Number of protein chains: 2
Amino acid sequence: MSILTAAADVLRCFSSTRHDVTVTDLVTLLGMPKSNASRLLRAMRDEGLLETVGDSKRYRPALLLAQVGQLYRFAASLIDRADAVVGCASNVIGHTAYVSVRRGTEIIAVTAHPGRHALRVVTSIGDRIPAFASSTGRALLARLSDEDVRALYKDGFTAPSQTAPRDIDELLARLAEVRSAGFAESHDEAVRGVHAISVGVGDPATGDEVALCISFPAAMVEPGERLAIINSLAEAAAEIAALTQDKRFFPLKLSLSETAP
Amino acid sequence: MSILTAAADVLRCFSSTRHDVTVTDLVTLLGMPKSNASRLLRAMRDEGLLETVGDSKRYRPALLLAQVGQLYRFAASLIDRADAVVGCASNVIGHTAYVSVRRGTEIIAVTAHPGRHALRVVTSIGDRIPAFASSTGRALLARLSDEDVRALYKDGFTAPSQTAPRDIDELLARLAEVRSAGFAESHDEAVRGVHAISVGVGDPATGDEVALCISFPAAMVEPGERLAIINSLAEAAAEIAALTQDKRFFPLKLSLSETAP
DNA sequence: AAGAAAGTTCCATTAAATGGAACTTAAGTT
DNA sequence: AACTTAAGTTCCATTTAATGGAACTTTCTT
């Protein structure tokens, strides 16, 4: 086992509730001998990975890590990152997941991860669907203000199915729901029997916005699994939002009726 | 020499112009054997320090580093506080503001708030500039004793421009001015046509020190506005100094010639 | 399909990491 | 101020990992 493993473990000790570590912290958290902990922290400081707080025995991440971490944002584009987390979620859940972007009033899938189930939703990359009549679309439209949405749909629209919004007021009401709940949902809208759950996230630095979506046959998913899907999507999106410091991100807020069995 | 040294060297290869590295990049940049480079990159990926770009042979910083780097700001809460007040000042004034730290004889920008004006100073985070030849640098050097400054520059330096200090004595004279005035100022030093005003502040509890800076095109700012900038910066820094009980803080003291119209 | 360039694996040699114990320093306690 | 305990550092023989040259494989180029 390389010392790199130990060094990475040290980095993983840091969290929002632990901004610095000491020798004894490492002993208790990682179960390593005091001697190792002492030398490792010093070595990491000497290499510029950590720095001591003042001249105390406390160590915290150093500037180098802040700089390299900053680069991660640019190195991995928003779509790449969204694709990575959504692919992971798809693997766990087994249903089809994809990443979409909005261009005007249309939604375009940019990456897809087909599910493992025999009955699965197949989304082809590049397909265009109307934004107002899909969960991905509403997840992204919810990031706009109501007046921006009205401006976008100043010529109105016609609902393609029973469950899609009929007019702009109905659309705005559903966008308000998306904002308060933290996710968008559709069933039987674009395709009969298909249920979809989406969460939107953006990167203020580049202006990009994407929707993460998991789509599945409505008949196949029980309430508990639906909640699991919502949770995993929201978690994945929240991770990205934290990274990009997305201020327009709507965190998950499950209502009582949602959380009840 | 530990493998940590090599790993830290790899991290230092990343920059705003190099978002990912390959085996051959390391061979040329660090002069290490191909075999080492290959194994090192793989090991760093296995430990979660790097990730491969798609399934190519390119490596970039991984999420772990982004997360730990993010913590740096909060660990060094002084930076966070400075960023908040400086961002506020930038909003009011409309010019570019940033927070910098000193590492030896170099100054590194850690956070930036771009101005609103069409002609604005753009500072990229992570850029290194010489401390003696910048307002941010002198704001921080002024917090040292003259003998510490002499020790730091025992090998001397060469002025990069006409308006920068020529030698150590000239630098010390300008640091004395900074201490009595309560702010540092530069024009045409790092970049022609750019004027900058900085104030330094520290936190005795952690030993951290930062410079708050507002930077603008020299041609754009009239004497009155310059005074407003000095005042807002000094006020913001004084607020932090009061909070941290910074005893080495130099309060604003405008001379008669400054206050006169 | 041949050639070149980039990356990986192998292996004996060299160098670093390990963990227990002794030692030093810092922080309470009486 | 002397005592006690906790926290951190250094030492050393042993174990384990890193090194770099060369052979090998993959990938790109013409």
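Below, read A as the first sequence line, B as the second, and so on, with proteins coming before strands; counting in each chain starts at 1. None of these values were measured; they are calculated from a predicted model.
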**Complete:** Rounded to whole Å, the CG-P distance (B:D9 to D:dT19) equals 11 Å
**Request:** Return no unless some side-chain N or O of B:R42 is found under 4.0 Å from OP1 or OP2 of C:dT9.
**Result:** yes
**Asked** Are the side chain of A:R45 and the backbone N or O of A:L41 linked by a donor-acceptor pair below 3.5 Å?
**Response** no
**B:N36 side chain, from C-beta outward: closest of C:dA6, D:dT19, C:dT9** = D:dT19
**Message:** By nearest heavy atom, map A:K34 and B:M32 onto DNA chain D; which one lands nearer the 5' end?
**Reply:** A:K34
**Message:** Considering every strand and a 4.0 Å limit on heavy-atom distances, what is the contact class for B:S35: base, sugar-phosphate, or nothing?
**Reply:** base
**Request:** Would you indicate which nucleotide in C:dG19, C:dT9, D:dT19 comes nearest to any side-chain atom of B:I3?
**Result:** D:dT19
**Request:** List the atom of B:Y153, the atom of B:A131, and the distance in Å for their closest heavy-atom pair.
**Result:** OH-CB, 3.6 Å
**Item:** Phosphate OP1/OP2 of D:dA7: any A:S38 side-chain N/O under 4.0 Å
**Value:** no
**Prompt:** Do other residues, nucleotides or ligands put more than 12 heavy atoms under 6.0 Å from the CD atom of A:E225?
**Reply:** yes
**Asked** In whole Å, what is the span from the CG atom of A:D20 to the C1' atom of D:dG8?
**Response** 16 Å
**Message:** C:dA17, OP1 or OP2 - any side-chain N/O from A:S2 closer than 4.0 Å?
**Reply:** no
**Item:** Sugar-phosphate, base or nothing in reach of B:R39, heavy atoms under 4.0 Å
**Value:** base
**Asked** Can you check the B:L30 CG to D:dT19 C1' distance for me, whole Å?
**Response** 15 Å
**Prompt:** Do B:R248 and B:E209 sit within salt-bridge range, that is, some charged N less than 4.0 Å from a carboxylate O?
**Reply:** yes
**Request:** Could you say whether A:L4 or A:K57 is positioned toward the 5' end of DNA chain D, judged by the nucleotide with the nearest heavy atom to each?
**Result:** A:K57
